[in-house]
Amino acid sequence: MPSTPASISAISAIKSPGLASRGWVALATGLLLVEALLVFAWTHPVQEGRPAQAWAALQALWMMEVGGVTLGTVVMVGFAAQIVDGAMGMAYGLLSTSFLLSIGVPPAVASASVHIAEMGTTGASGLAHWRAGNVNGRLWRRLVLPGAVGALLGAALLSQIDGKALRPFIDGYLLLAALWLLAQALLKHKVPASDASPSHKATGLAASAGGFLDAVGGGGWGPVVTGSLLSRSADARRIIGTVCAAEFVIATVTGVALAFAVGLMHWQIIAALLLGGVIAAPLAARMCGLLPQRALRIAVGLLLLGLSLRSLWKSFAA
């Protein structure tokens, strides 16, 4: 008897966890193989000829120190930050900026450097999410225009508004959003239907606020927009993928504005952050597609909770 659509859907639902598990195994195995290959190549350099010279130059570049750290370290920071951002829709700016501040880069220069690097990493991330089927075109169009307007407004008012004064209010909202996400996932509260889409008003407000805060406060697009939209839609994979894809426009607007305002400094660090993020983008998009929806919501909720609490603590301790 031929299979009916219902039976095919049931079979697919049964098989999908196994497929996801095999995907995780394949991804982990691939990463281990790449790491082993890099370690072997690093400890067994080519002995003669032009390949040896090229390899020696690459090693010297990897070990070059900028601001007290090697460029190789910066590449790995960019890689790790993009893995988190691409899989969960937030935290690239926070992790990268925190690292640059820890090595003594001035705050304004650190923010500009990260935003300029994001012009490339968000483009690679958006392309990877699009190829993985994680992007909702209609939602993307609804995010880009208000997000870009908010970013332009924030960049224009950067010298007149203290972004730090706005942070406690935004972080309080993000804290509530994180708790709601966790309550939905852990306590099995009613979650919006998987095909539910956030309203135009909610999308526009979240995008404009996220773009504005990203320019004024040095970050905020991912936490504000991803956190807001996930509380109104159950399709975590496409929300995260679409927010990451739309961030390319917001990062470009903010990066160009900050480049004119602050200048282009520490270009080696920018290039290293960009390289690490571009390498990580396809892996992060794949991880976003492999994680179960409930696990993804819990992970995003926990990350958003940690980021908001950390920022609130810094605001009130200052």
Side-chain angles (χ1 to χ4, degrees), residues 69 73-74 76-115 117-118 121-122 154 158 161-186 206 209-231 236 239-240 243-244 247 250-251 254 269 273 276-277 280 284 287-288 295-318:
V69 296
T73 301
V74 182
M76 290 188 287
V77 169
F79 181 91
Q82 183 57 46
I83 285 290
V84 175
D85 189 275
M88 300 186 190
M90 64 186 78
Y92 180 91
L94 173 68
L95 296 175
S96 300
T97 303
S98 297
F99 169 76
L100 295 184
L101 292 176
S102 71
I103 63 175
V105 177
V109 177
S111 178
S113 299
V114 171
H115 278 97
E118 281 186 313
T121 61
T122 54
L158 184 61
I161 294 179
D162 184 7
K164 293 182 179 179
L166 300 176
R167 293 299 315 191
F169 301 99
I170 301 297
D171 291 326
Y173 167 76
L174 295 179
L175 178 62
L176 294 176
L179 294 174
W180 178 242
L181 283 175
L182 291 173
Q184 286 180 329
L186 297 175
F212 181 83
L213 186 63
D214 199 76
V216 173
W221 171 260
V224 171
V225 182
T226 302
S228 297
L229 299 187
L230 269 184
S231 65
I239 290 293
I240 291 173
V243 171
C244 287
E247 190 177 8
I250 280 70
T254 308
I269 290 179
L273 286 173
M287 289 174 65
C288 181
L296 196 57
R297 295 175 73 85
I298 293 174
V300 171
L302 289 174
L303 179 60
L304 191 56
L305 180 66
L307 295 179
S308 58
L309 287 176
R310 175 183 180 273
S311 186
L312 283 171
W313 174 263
K314 290 178 63 177
S315 297
F316 289 110

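The CG atom of L273 sits 14.0 Å away from the CZ atom of F79 when rounded to the nearest 0.5 Å. Atom CD1 of I239 sits about 11.5 Å away from atom SG of C244, to the nearest 0.5 Å. To the nearest 0.5 Å, the span separating CD1 on I250 from CG on D214 amounts to 8.0 Å. A distance of 4.5 Å separates CD1 in I269 from CD1 in I103, rounded to the nearest 0.5 Å.
Scanning all heavy atoms of the two residues, the minimum distance from A299 to M88 falls at CB-CE, 3.7 Å. Scanning both residues, I240 and G86, for their nearest heavy atoms gives CG2-O, 3.9 Å. When all heavy atoms of V243 and W221 are compared, the pair lying nearest together is O-NE1, 3.2 Å. Between G154 and A215, the shortest heavy-atom distance links the atoms C-CB, 3.8 Å.
Every residue two or more places apart in sequence or in another chain that forms a side-chain contact (heavy atoms from CB on, under 4.5 Å) with A251 is listed here: E118, T122.
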List the atom pairs, donor and acceptor, that lie under 3.5 Å between side-chain atoms in residues 223-230 and the rest of the protein, sequence neighbours left out.
{"from": "T226", "atom 1": "OG1", "to": "G89", "atom 2": "O", "distance (Å)": "3.1"}
{"from": "T226", "atom 1": "OG1", "to": "G222", "atom 2": "O", "distance (Å)": "3.0"}
{"from": "S228", "atom 1": "OG", "to": "Y173", "atom 2": "OH", "distance (Å)": "2.7"}
{"from": "S228", "atom 1": "OG", "to": "V224", "atom 2": "O", "distance (Å)": "2.6"}

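With contacts defined as side-chain heavy-atom distances shorter than 4.5 Å, the pair V77/L95 does not qualify. Within the 4.5 Å cutoff, the side chain of D85 has no heavy atoms near those of the T121 side chain.
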